[in-house]
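Right, one structure below, let's go through it.
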Amino acid sequence: MSKKVLVLGEAREGALRNVSFEAIAAAKTVSGGGEVVGLLVGDAVQSLAEEMIQYGADRVVTVEHPHLKHYTSDGYGQAFMAVYEQEKPEAVIFGHTANGKDLSPKIASKLGTGLISDVTAIEGEGDDALFVRPIYSGKAFEKVKNKEDLLFFSIRPNNIAPLEKDAGRSGEATSVSVDITNLRTIIKDVVRKSTEGVDLSEAKVVVAGGRGVKSADGFKPLEELANLLGGAVGASRGACDADYCDYSLQIGQTGKVVTPDLYIAAGISGAIQHMAGMSNSKVIVAINKDPEANIFKVADYGIVGDLFEVIPMMIEEIKKVKTN
Ligand code: FAD
């Protein structure tokens, strides 16, 4: 049976996040040829609708309101519900991002339906689709079949490939006016600790440091390596707890979950709580002085050595390759 699928896109600082395009690709897989409708919520998102269409959405609905400039579950919940009632989709897809993790269970509960969260792959298509998701902190995967009338799932960023962008694709973009009322929270402003660099959760390369980095200054070579590779710096909780870096960099069970193409773990022992956030990375390189370190169990390439010797050597070699 074909399904109309509603995909909640996510924008940050005026640009759509990749997870929006990945969600459209997932929508195509489950729609059985049905319509894929993008939804954008914010204070000025109309201009982003075209890109959702170029990535495969058939049309886009936008909800704009000054109170939607910054995400709040109240505001976005009201906007989503208004469009949901209007569109009456048979399937809904969110990104399993910070916002998506907050909003999706609330919406599922409001709609009295189940939620298949944190999907990393879809096997099969249409009504036969099986949703693959990690369980037990990434130690195993389960395959879930939807049995609800409404198919509702969220996808982990960086796992489902987006469709190729087609600049010639066109579709309708309509706006829906929603009276956003009775907000318990209105975010007036967001002050970022750092505006530089690549977003950790969407980075293709992550260079992460642990307690073995030994100080805030010890992160400098990791930053240089990450910059050279066009990636982002991450950290273990050990490094954050020791005040070597900010908690916004923490990867793991109680931090961010990342799935880059390349994850370089330097001076990280490989506690299960850390691995819950990075073990699905496509290629893992571990640098550790201790040959028995647990991180080597998940590493594709292991380097037993001092990170302060190994990382400068990597930087030097990468620079050589880049200049040749
Ligand atoms: P350590 O375990 O101290 O390891 C440091 C490593 O550096 C060692 O293996 C050492 O051999 C190596 N090393 C030292 N010097 C060098 C050098 N010069 N060169 C190369 N290697 C060197 N942790 C997370 O990371 N993320 C989480 O989200 C998280 N959530 C948690 C939730 C709960 C409920 C609990 C209880 C714990 C959580 N933890 C989490 C903490 C986790 O259990 C570990 O304590 C933490 O990951 C250890 O960090 P680490 O590997 O940097 O430090």
Side-chain angles (χ1 to χ4, degrees), residues 96-102 117-118 120 133-140 154 156-159 193 199-203 205-226 228-229 231-260 262-318:
H96 193 69
T97 56
N99 295 357
K101 279 187 227 179
D102 180 61
S117 66
D118 202 13
T120 54
R133 58 186 301 274
I135 51 171
Y136 305 126
S137 300
K139 285 204 240 19
S154 64
R156 184 182 283 201
N158 253 347
N159 280 263
K193 282 212 165 166
D199 177 3
L200 181 56
S201 9
E202 295 200 340
V205 176
V206 172
V207 182
R211 224 179 327 239
V213 169
K214 294 193 177 71
S215 66
D217 270 354
F219 265 91
K220 294 222 165 96
L222 278 72
E223 283 160 14
E224 190 179 349
L225 181 59
L228 259 181
L229 296 171
V233 172
S236 70
R237 178 154 144 191
C240 301
D241 283 344
D243 222 6
Y244 302 161
C245 60
D246 191 79
Y247 278 103
S248 61
L249 301 189
Q250 185 185 317
I251 291 165
Q253 190 181 315
T254 44
K256 294 198 166 85
V257 175
V258 297
T259 327
L262 173 63
Y263 188 89
I264 301 176
I268 293 178
S269 59
I272 188 69
Q273 295 91 351
H274 184 75
M275 305 227 271
M278 47 64 74
S279 59
N280 286 332
S281 304
K282 293 182 187 82
V283 175
I284 298 171
V285 176
I287 307 164
N288 200 301
K289 279 204 299 203
D290 174 7
E292 302 298 324
N294 211 35
I295 191 82
F296 288 126
K297 290 189 185 148
V298 294
D300 298 284
Y301 299 93
I303 303 171
V304 178
D306 185 332
L307 71 94
F308 295 106
E309 289 170 17
V310 175
I311 290 189
M313 278 160 69
M314 289 169 97
I315 291 172
E316 203 180 308
E317 289 305 315
I318 292 165

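The figures that follow rest on heavy atoms only: side chains count, while hydrogens, waters and symmetry mates do not. When a ligand or atom number is given, it counts from 1 through the structure's own listing order.
In terms of protein heavy-atom proximity, atom 9 (O) of ligand 1 is nearest to Asn288 ND2, 2.9 Å. Annotation: atom 51 (O) of ligand 1 to nearest protein heavy atom, Ser269 N, 2.8 Å. Looking only at protein heavy atoms, the nearest one to atom 44 (C) of ligand 1 is Ala271 CB, 3.6 Å. The protein heavy atom nearest to atom 14 (C) of ligand 1 is Gly212 CA, 3.4 Å. Of all protein heavy atoms, the one closest to atom 15 (N) of ligand 1 is Lys214 NZ, 2.9 Å. Protein heavy atom in closest approach to atom 43 (O) of ligand 1: Gln273 OE1, 2.8 Å. If you check which protein heavy atom lies closest to atom 18 (N) of ligand 1, you get Asp306 OD1, 3.1 Å. Ranking the protein heavy atoms by distance from atom 46 (C) of ligand 1 puts Gly238 N, 4.0 Å first.
Residue Leu307 comes nearest to Ile287 through the heavy atom pair CA-CG2, 3.9 Å, listed as atom of the first residue, atom of the second, then distance. Between Ala235 and His274 the shortest heavy-atom distance is O-CE1, 3.8 Å. The two residues Thr120 and Pro134 make their nearest non-hydrogen contact at CG2-CD, 3.8 Å. Minimum interatomic distance between Asp290 and Glu292 (heavy atoms only, all atoms of both residues): OD1-N, 2.8 Å. A pairwise comparison of heavy atoms in Thr259 and Asn280 identifies CG2-O, 3.2 Å as the closest pair. Between Phe219 and Cys245, the shortest heavy-atom contact is CZ-SG, 3.9 Å.
For the residues Val304, Ile303, Ile311, Leu307, the heavy atom positioned nearest atom 19 (N) of ligand 1 is part of Leu307. Selection from Gln253, Arg237, Lys256 by nearest heavy atom to atom 31 (C) of ligand 1 gives Arg237. In this comparison of Met275, Arg211, Lys289, the heavy atom closest to atom 53 (O) of ligand 1 sits on Arg211.
Of all the atoms in ligand 1, the ones that sit under 4.0 Å from a non-hydrogen atom of Ile251 are 24 (C), 25 (O), 26 (N), 27 (C), 28 (O). With ligand atoms numbered from 1 in the order given, ligand 1 contributes 26 (N), 27 (C), 28 (O), 29 (C) to contacts under 4.0 Å with heavy atoms of Gln250. Each of the following atoms of ligand 1 lies closer than 4.0 Å to a heavy atom of Gly255: 28 (O). Of all the atoms in ligand 1, the ones that sit under 4.0 Å from a non-hydrogen atom of Thr254 are 27 (C), 28 (O), 29 (C), 30 (N), 31 (C), 32 (C). Remark: ligand 1 atoms within the under-4.0 Å shell around heavy atoms of Gly267 are 5 (C), 6 (C), 7 (O), 12 (C), 21 (N), 22 (C), 52 (O). Contact atoms of ligand 1 toward Gly210: 52 (O) (distance under 4.0 Å to a heavy atom of the residue).
At least one donor-acceptor pair closer than 3.5 Å links the side chain of Asn159 to the backbone N or O of Pro157. For Asn288 (side chain) and Ile268 (main-chain N/O), a donor-acceptor pair under 3.5 Å exists by modelled atom type. In this structure, Arg133 contributes its side chain and Ser117 its backbone to a donor-acceptor pair below 3.5 Å.
Residue contacts with ligand 1 include Gly305, since one or more of its heavy atoms lies under 4.0 Å from the ligand.
Under the 4.0 angstrom criterion, atom 24 (C) of ligand 1 counts as having a protein heavy-atom contact.
Listed by first and then second residue, the salt bridge (Lys or Arg N to Asp or Glu O under 4.0 Å) pairs involving residues 265-289 are Asp261-Lys282 (not counting sequence neighbours). Annotation: salt bridge (Lys or Arg N to Asp or Glu O under 4.0 Å) contacts involving residues 211-225, sequence neighbours excluded, comprise Asp217-Lys220, Glu224-Lys319.
With a 4.0 Å heavy-atom cut-off, ligand 1 is reached by the backbone of Ser236 and by its side chain too.
Summarising the local packing, OH of Tyr247 is surrounded by more than 12 heavy atoms from other residues, nucleotides or ligands at distances under 6.0 Å.
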